[in-house]
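Taking it in order: structure first as C-alpha cells, then the write-up.
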Amino acid sequence: MEKVGIGVGEALTRDYEAPRDLPLVYLLSAGYDGRREKAFLNLYDPESGRMYLWYDNTGHLPYCLSKEPVEELRKNRRLLEYPGFLRLERERRFDALRDEWIEVTKIVASNPLAIGGEGRGGIRNLLETWESRIIYYQNYIFDRQLNPGMPYRVVDGRLEPLGYELPPEVASQMEDLFKDEEPALREYMREWAILLQCPVPRLRRVAVDIEVYQPVATRIPDPRTAEQPVIAVSFVGSDGLRRVLLLKEGAGEDPKIRGVEVRGYESERDLLAEAFRVLDDYPIVLSFNGDDFDLRYLRKRAQNLGFNAEEIPITVGRRATSLRHGVHIDLYRFFLNRSIQVYAFGNRYREFTLQEVASTILGRGKVALEEGVSELPYEKLAEYCLRDAELTYELTSFSDDLVMKLIIALSRISKMTVEDVTRHGVSRWILSLMRYEHRRRGMLIPNSEDILRVKGVTATRAVIKGRKYKGAIVRSPKPGVHFNVTVLDFASLYPSIIRNWNLSYETILCPHPECRDNLVPGTPHWVCRKRRGLSSLIIGSLRDLRVKWYKPLSRDKTLPEGERAWYNVVQSALKVFLNASYGVFGSEAFPLYCPPVAESTAAVGRYAMTKTMEEAESLGIEVIYGDTDSVFLKDPSEEQIEKLMRWTEEELGIDFDVDKVYRYVVFSRRKKNYLGVYPDGSVDVKGLTGKKRHVPPLLKEAFLRLTQILSGVKAPEDLERAKEEIRDLVESVYLKLKNREFDLREVSFNVMLGQSLSGYETNPQHVKAAKLLRDQGVKLGAGEVISYVVTRDSVGVKPIQLASKRDVAVGKYIEYLRSMFEQLLDALGLSFDELVGRPRETTLDRFFRQR
DNA sequence: GCGGACTGCTTACCT
DNA sequence: ACAGGTAAGCAGTCCGCG
C-alpha cells in the first residue's frame with residue numbers, strides 16, 4: 001500500500017490533523033504524504049471515534065545503506081547529483097552472516113522516490129544497496145520501533161507509547177511458568193505478552209456497498225471506465241447507522257423500510273457527494289472487494305461527473321484503494337488469504353464470494369435475485385444493497401468483533417499497518433517482523449543474494465520431482481479396521497525444532513570452524529553454538545507462548561467468556577504465524593530465503609518421527625500409521641503412552657501429546673486417507689474422495705450416508721448389518737442414476753480454474769467445459785469454479801449451463817461411485833461388486849456396456 | 001490400428 | 001508468492017503385438 005506522491009491537499013488534511021495533545025489513541029496505519037514530504041500516522045481516538053493524522057516532526061528521512069565507505073561514495077557523481085540525494089552518514093551495523101560489526105554508509109534522501117519507487121529509477125539502481133526495498137513508512141515504523149495496533153498518546157505534539165504494562169498477576173504467573181527458559185527467550189515472551197495482553201478498543205467503522213446500473217444484465221460494470229450510473233450505495237455502521245442512498249427517477253416518495261434510512265436522489269452527483277461525506281466521517285471503512293470495485297468505481301464515476309480531485313476522498317494505489325483520512329479494510333482480500341482461510345477459519349469457506357464467506361461463517365447469505373439489479377423496484381434494490389453492507393459489517397462484528405480483534409493481533413505481531421496486514425500474505429507478515437527485529441538490534445538486513453551465496457545449497461533429494469529438498473515422512477497405514485486407536489502428535493513440531501536446534505539463516509552453516517561438528521541429523525549442515533539465531537528466538541518465543549500460555553487459557557472454562565475469547569483470537573493468530581514459519585525459509589519468494597534452514601527443519605522432523613515410532617515399537621505398542629508429526633497407536637495402555645511421552649520429552653525435548661482417541665479407524669492401503677469414529681459416534685474423514693470439494697453432490701451424499709452407517713458400528717460383529725445397509729445404499733444410488741432421477745446440479749463436478757484459460761498447456765475436463773462456456777461469451781478467470789457433467793458425447797463433458805439430463809453418462813458415475821466406496825470397503829473386507837450382488841450382476845453388466 | 005504401460009498435468013487434500 | 005507428500009483422474013506418448 002503506497003501513499004507515495006499522492007499529493008493530498010493541505011487544506012483537506014488540516015481538519016483531520018492531530019491536535020497538540022491526545023491522551024489515548026491507537027496507531028492503526030501509516031503512509032507518506034508526498035506534498036508535505038513527511039511520513040504520517042493514522043491515530044484512532046476511541047473516545048471520539050475519530051481518526052487523526054499525525055505528521056512526523058522528528059525530521060526522519062528516507063535512506064538506504066551501502067557497504068562502500070563515505071569517501072568512496074563521494075566520488076560517485078551520479079549518486080551525488082541524483083535528484084533528492086541529501087547526504088552520506090557513517091554508521092555501524094552487525095553483519096550476522098559474518099558474525100561481526102561492519103561500517104556502512106547511510107545514503108539519505110529527501111523523498112522515498114529518490115531511493116527507489118516503481119520502475120528503474122532511484123538510487124538503489126545506481127549501486128549495490130541494502131534495505132532499499134523497504135517501503136518508506138514501514139522503515140519509519142521500524143526506526144521508531146512503533147507498534148501498529150497499540151495505544152499511544154500525543155503530548156505537546158510528540159508521539160509517545162502509552163507504556164502498557166502487564167498486570168502484576170499476569171507478569172508473575174508468566175515469570176513462574178517460564179522461569180527455566182533462557183533469558184533471551186524469556187525477554188521476548190515478555191514483550192510479546194505485552195502486545196497480546198493489551199486490550200483492543202471498540203473500533204468505529206462503516207461497511208459500504210454499491211450497485212451500478214447494468215444495461216445488459218450479464219455484463220459486469222467496469223470501474224476503469226465507470227460508464228454507468230451508481231444506482232444505490234448502502235452503509236451499515238458499528239454505531240447503528242443503516243442508510244441506503246438511491247438514485248431515483250422523478251420526485252416520488254422514498255421507499256420505506258423498517259429500521260433503515262432510505263434517501264432518494266434525483267441527481268447522481270448529490271448521491272455521490274453524500275456517500276463521500278459518510279466515508280469521510282468514519283475512521284474505518286469496510287468493503288468486500290472495494291479495492292477493485294466499489295471504491296474504485298465511486299472514484300472514477302465521480303471524476304466522470306466532474307468532481308474535482310479534492311472532493312473525492314478516495315485514492316487508488318497499486319495494491320489498494322484507500323481513503324484520504326481513514327483506513328480501508330477490504331474483507332475480500334482478508335478472507336482470500338490462504339492462512340486465514342485454513343488456519344483461522346478451518347477451511348469453512350471454499351470460495352471467496354461474499355455469498356460463500358457470509359453463509360458459511362454467519363449462516364446468512366445475500367438476498368436472492370431473479371432479475372438483474374437494474375430491473376429491481378426501488379425497495380427491493382435498497383434491500384439487496386443493504387444486505388451486502390450488513391453482511392460485510394457482520395463479518396467483522398460476529399463473536400464480539402472477532403475479526404477486528406484478529407486483525408489487530410496480527411498487526412501487533414507483524415508490525416504491519418492494519419491496511420497492509422489485511423492485504424498481504426503470511427510471508428510478508430513474517431518478513432516485516434524479521435526486519436523490525438533486525439533494525440532493533442542494529443543488524444544489517446541481508447539481501448537475498450548474501451544469504452544464498454553461502455547458504456543456497458541443499459543436500460537431500462525430494463520424493464517429488466521438482467521439489468528442492470526432502471520433506472516429511474508418511475508411514476504406510478496398516479490396512480483394515482482397528483479398534484481403540486490413540487493418536488499422539490508433536491505440539492508445533494517444526495517451530496519446536498527451529499527453537500531447539502537454533503535454526504536461522506545466520507546460524508546454519510555459520511562461519512565458525514568450532515561449530516562445524518554440530519551437525520543436523522541426516523544432513524551435512526552444521527548449526528552455530530555461539531550465538532542465538534534471530535528466527536529461532538522469534539519463532540521459539542511465539543511457540544512457547546502459544547503452547548504454554550494462550551492455548552491452555554483459551555480452553556480454561558474458569559475464565560470469563562470474553563477473556564477466553566480473546567485468548568482464542570491470540571492463539572489462532574500465533575498459529576497462523578507458526579504454521580508458516582518453517583515454509584517461508586524454503587520459499588524463493590521470501591527475501592530471507594534460506595534452503596538449508598528449511599531442509600534442516602524437515603530433516604530433524606523425520607528424525608524425531610522415526611525415533612519415536614521405533615521407541616513406541618520397542619515399548620510393545622503397534623504403530624499403525626504416522627504422518628509428519630503424528631503417530632497412530634493401536635490399543636496402547638495408559639502406561640505405554642505415559643512412557644512414550646516421557647521418552648520424547650527427555651530425548652527430543654518436544655512436547656508429545658494425545659491429540660485424539662478413536663473408537664475405531666478404517667485404513668485402506670492409501671496414505672493420507674482414513675476414516676475415524678470417535679467414542680460418541682462422530683466421524684472424522686481425512687482425504688477420502690467423498691469429502692473432496694469437486695465431487696458431485698449426489699456422490700457426496702451417498703458417501704455421507706456410508707459414513708453414517710459406519711458410525712453405527714460399535715464392534716466387529718456389527719459389520720454384517722452394516723453390509724446390508726451399504727448394499728441398500730448402493731442399490732438406491734444406482735437406481736437413482738439409472739432412472740435419471742436427479743437434477744444436473746446433483747451430478748455436476750465443481751472444479752476450480754487454477755489459472756486463466758490461456759495458461760493451460762493441456763486440456764483437462766474442467767478446462768474443456770470452461771472453453772465451451774467461453775464460446776458462449778461467458779467470461780471466466782482464475783479462481784472461478786466450473787460446474788460440469790460427464791457426458792456420453794465425444795467431448796466427454798458439458799458445462800452445467802449447456803447440458804441436459806439426457807447427456808449424462810450415468811455409467812461413468814457408477815464407476816466414480818465404485819471408486820469412491822472402495823476406499824473404505826477394501827478395508828472392511830467388502831467388495832463393491834459383491835455388495836451390488838450376483839443377482840443384479842447381469843443388469844449391471846448390460847448397463848456398463850450400453851453407456 | 002489397438003491397448004496397456006508410462007509420464008505429466010491438474011486439482012484437492014494432509015501434516 | 002509458506003513447505004513437501006499423496007491420491008485420483010485424465011490426456012498424451014511410446015511401444016509391442018498382430
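If you're wondering where the values come from, they're calculated on a predicted model, not measured in any experiment. Residue numbering restarts at 1 for every chain, and letters A, B, ... go by the order of the sequence lines.
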Given [N], is OP1 or OP2 found less than 4.0 Å from the side-chain N or O atoms of [X]?
X	N	answer
Q823(A)	dA8(C)	yes
Y674(A)	dT15(B)	yes
T689(A)	dA8(C)	no
T628(A)	dT15(B)	no
Q755(A)	dT10(B)	yes
H766(A)	dT10(B)	no

[X], nearest nucleotide to its side chain (from [options]):
X	options	value
H424(A)	dA11(C), dA1(C), dT15(B)	dA1(C)
V751(A)	dA12(B), dT15(B), dC2(C)	dA12(B)
P764(A)	dT10(B), dA1(C), dA12(B)	dT10(B)
Y582(A)	dG4(C), dT15(B), dA11(C)	dG4(C)
R670(A)	dA12(B), dC2(C), dA8(C)	dA8(C)
S819(A)	dG9(C), dA12(B), dA1(C)	dG9(C)

Interatomic distance where [atom1] belongs to [X] and [atom2] belongs to [N] [whole Å]:
X	N	atom1	atom2	value
M820(A)	dA7(C)	CE	C1'	15 Å
K672(A)	dC14(B)	NZ	P	9 Å
N673(A)	dT11(B)	CG	P	20 Å
R669(A)	dG5(C)	CZ	C1'	19 Å
R350(A)	dT11(B)	CZ	C1'	13 Å
L493(A)	dC2(C)	CG	P	21 Å
L824(A)	dA7(C)	CG	P	15 Å
E351(A)	dT11(B)	CD	C1'	14 Å

| request: Verify side chain to side chain donor-acceptor pair (under 3.5 Å) between R705(A) and Q708(A), making sure each step is shown before the conclusion. | output: CA-CA 5 Å; R705(A) 284 169 59 194; Q708(A) 284 164 350; 5.6 Å; no
How are the rings of [X] and [Y] set relative to one another: parallel (under 30°), tilted (30 to 60°) or perpendicular (over 60°)?
X	Y	answer
F632(A)	Y625(A)	perpendicular
Y349(A)	F345(A)	tilted
F749(A)	Y788(A)	parallel

Run the salt-bridge test on [X] and [Y] with the 4.0 Å N-O cut-off and return the result as yes or no.
X	Y	answer
R818(A)	E815(A)	yes
K672(A)	D627(A)	yes
E356(A)	R693(A)	no

| said: Looking at S339(A) and F577(A), would you say the former's side chain and the latter's main chain have a donor-acceptor pair under 3.5 Å? | reply: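 Such a contact is absent between S339(A) side chain and F577(A) backbone.
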| Between Q138(A) and S432(A), is there a donor-acceptor pair closer than 3.5 Å when you use the side chain of the first and the backbone of the second? |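 Not a single qualifying donor-acceptor pair exists.
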| Pairwise 5' ranking along DNA chain B for K691(A) and Y760(A), keeping only the more 5' one |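 Looking at DNA chain B, the more 5' nearest nucleotide goes with Y760(A).
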Describe the nucleic acid contact of [X] in one word from base, sugar-phosphate, nothing, applying a heavy-atom distance below 4.0 Å.
X	result
E599(A)	nothing
E588(A)	nothing
Y816(A)	sugar-phosphate
D489(A)	nothing
F590(A)	nothing
K686(A)	sugar-phosphate

| said: Please give me every residue in residues 454-479 of chain A whose heavy atoms get under 4.0 Å of an atom in DNA chain B, ordered by residue number. | reply: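 The answer is K465(A).
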| said: So that I know where these two stand, are Y593(A) and F585(A) an aromatic pair - ring centroids less than 6.0 Å apart? | reply: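 No; F585(A) has its ring centre 6.0 Å or more from that of Y593(A).
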| message | Checking side-chain polar atoms at under 3.5 Å, does R543(A) have a donor or acceptor matched by the opposite partner on S496(A)? | response |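 The criterion, which ignores hydrogens and geometry beyond distance, is satisfied for S496(A) and R543(A).
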| query | Starting at the 5' end of DNA chain C, which residue's closest nucleotide do you reach first, T762(A) or R428(A)? | reply |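 Its nearest nucleotide being more 5', the pick is R428(A).
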| task | Nearest 0.5 Å please: distance from the CG atom of N500(A) over to the OG atom of S536(A). | result |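 Taking CG in N500(A) and OG in S536(A), the distance rounds to 8.0 Å.
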| field | Runs of at least three Watson-Crick or G-U pairs with DNA chain C, cut-off 3.5 Å | value |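 So the stems come out as B:1-15 with C:3-17.
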